[in-house]
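Okay, so here's the structure we're looking at.
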Amino acid sequence: MDERKRRLVIAIDGPVGAGKSTAARRLAQALSYTYIDSGAMYRAMGWKAIHAGVGLHDRERLAGLALSTDIRVVAAPEGPRVLVDGQDVTSALRTPEMDEASSVVSTLPEIRRRLVALQRAMAKEGGIVMDGRDIGTVVFPEADLKFYLDADLTVRSARRLGDLRRMGTPVEREAVRAEVARRDERDRGRETSPLTVAADAIRIDSTALDADGVLRVMLEAVQHVLKPDNS
Ligand code: DC
């Protein structure tokens with residue numbers, strides 16, 4: 001048996017609420033890889049803009065902010081932490097305000113350029129699972145394995161609603177559905193790195209699949225890539 005184990009770069013893309021972060025976290029755990037949530041980096045940039053008093057449509061100042069802000073994702077036992085200029089902002093990133101701020105700032109090419117450079121630097125050694133919107137298409141077009149995870153809008157907004165309610169945020173079902181649809185539209189319609197399916201991505205529809213089912217499909221694909229005759 002070949003004991004050499006290649007440490008893969010695995011990309012997971014898809015729209016809001018498709019189950020990417022759960023799948024990415026569990027896949028990374030199963031393989032002892034590092035999980036990187038690229039959406040958290042866009043959220044961190046939105047957080048920084050708001051706290052620096054920079055308007056979310058002020059392209060010039062946001063471009064400057066992108067270059068001067070230090071964003072880091074560091075591993076911790078309870079899950080990855082996001083540091084903005086050394087300050088741990090992880091617990092402030094999952095609010096409706098940051099949903100909107102990250103969605104808006106992520107349309108700017110200057111912000112994307114900066115974050116893509118940081119994301120590539122994190123993957124130098126391999127052994128990573130990164131989720132987002134452009135990971136298989138732009139960040140790692142040469143990824144060893146790419147997944148595109150999707151689900152019906154109704155199921156995706158129900159998941160988002162559940163997440164927000166668990167965090168104690170009072171929200172209405174219809175408002176969440178509209179917000180998810182709006183963010184999808186922005187992700188798919190933006191000029192720079194829109195959300196699309198990479199030609200070589202494995203598509204998984206999680207509408208009727210639970211997290212175990214998604215993980216099973218992903219692990220089978222990993223085993224296939226790691227087979228000695230595929231290296
Ligand atoms: O996955 P998320 O909801 O945490 O992402 C927050 C926002 O960042 C989302 O509106 C889309 C954007 N994003 C992006 O444009 N590219 C990525 N690779 C990840 C997220």
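Heavy atoms only: backbone and side chains are in, while hydrogens, waters and symmetry mates are out. Remember, it's 1-based here, ligands and their atoms both numbered in the order they're listed.
For Arg112 and Thr192, the side-chain atoms include no donor-acceptor pair closer than 3.5 Å. A donor-acceptor contact closer than 3.5 angstrom is absent between the side chains of Ser91 and Arg81. Between the side chains of Asp152 and Thr154, no donor-acceptor pair is found at a separation under 3.5 Å.
In this structure, atom 7 (C) of ligand 1 lies nearest to the protein heavy atom Ser102 OG, 3.4 Å. At the top of the distance list for atom 5 (O) of ligand 1, counting protein heavy atoms only, stands Gly39 CA, 3.5 Å. In this structure, atom 4 (O) of ligand 1 lies nearest to the protein heavy atom Arg43 NE, 2.7 Å. Considering only non-hydrogen protein atoms, atom 15 (O) of ligand 1 sits nearest to Arg112 NH1, 2.7 Å. Remark: minimum distance from atom 11 (C) of ligand 1 to any protein heavy atom is reached at Asp187 OD1, 3.4 Å. The protein heavy atom nearest to atom 1 (O) of ligand 1 is Arg133 NH1, 2.9 Å.
Heavy-atom contacts of Ser106 reach the following atoms of ligand 1: 12 (C), 15 (O) (cutoff under 4.0 Å). Proximity to Asp134 (heavy-atom distance under 4.0 Å) selects the following atoms of ligand 1: 16 (N), 17 (C), 18 (N). Every atom of ligand 1 is numbered from 1 in the order shown, and the set under 4.0 Å from a heavy atom of Ser103 is 10 (O). For ligand 1, the atoms sitting less than 4.0 Å from at least one non-hydrogen atom of Arg183 are 2 (P), 3 (O), 6 (C), 9 (C), 10 (O), numbered in the order shown with element in parentheses.
Under the 4.5 Å side-chain criterion, counting only non-hydrogen atoms from C-beta, Met122 is in contact with Met41.
Some N or O of Ser38 is nearer than 3.5 Å to an N or O of ligand 1, by distance alone. Not a single N or O atom of Tyr42, backbone or side chain, sits closer than 3.5 Å to an N or O atom of ligand 1. At a 3.5 angstrom cut-off on N or O pairs, Lys20 does not count as close to ligand 1. Backbone and side-chain nitrogen or oxygen atoms of Asp99 are examined, and none is located within less than 3.5 angstrom of a nitrogen or oxygen of ligand 1. Residue Asp131 places no N or O, backbone or side chain, under 3.5 Å from any N or O of ligand 1.
Salt bridge status for Asp144 with Arg6: present, with a side-chain N to carboxylate O gap under 4.0 Å. By the 4.0 Å N-to-carboxylate-O rule, Arg183 lies too far from Glu100 to be salt-bridged with it. Under a 4.0 Å N-O distance rule, the pair Arg72/Asp70 qualifies as a salt bridge. A salt bridge between Asp150 and Arg203 is absent, with no side-chain N of the basic residue lying under 4.0 Å from a carboxylate O of the acidic one. Using a cut-off of 4.0 Å between Lys/Arg side-chain N and Asp/Glu carboxylate O, Arg7 and Glu125 are scored as not salt-bridged.
If you take CD1 on Ile36 and CG on Asp131, they are separated by 10.0 Å, rounding to the nearest 0.5 Å. Expressed to the nearest 0.5 Å, how far CG of Asp163 lies from CG of Leu161 amounts to 9.0 Å.
Under 4.0 angstrom from ligand 1, there are no non-hydrogen atoms of Met41. When non-hydrogen atoms are compared, ligand 1 lies under 4.0 Å from the side chain of Arg94 (C-beta onward) but not from its backbone.
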Evaluate the salt bridge (Lys or Arg N to Asp or Glu O under 4.0 Å) criterion for residues Asp37 and Arg25: first the C-alpha distance (whole Å), next the side-chain angles of each, then the deciding distance (0.1 Å), finally the verdict. CA-CA 9 Å; Asp37 170 3; Arg25 186 169 26 80; over 6 Å; no
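Evaluated for a side-chain contact (heavy atoms from CB on, under 4.5 Å) with Val116, the options Arg113, Gln119, Arg114 yield exactly one hit, Gln119.
Within the 4.0 Å heavy-atom cutoff, Arg190 counts among the residues contacting ligand 1. Under a 4.0 angstrom heavy-atom cut-off, Val16 registers as lying outside contact with ligand 1. Heavy atoms of Arg186 come nearer than 4.0 angstrom to ligand 1 in no pair at all. Using a 4.0 angstrom heavy-atom cutoff, Arg182 does not count as in contact with ligand 1.
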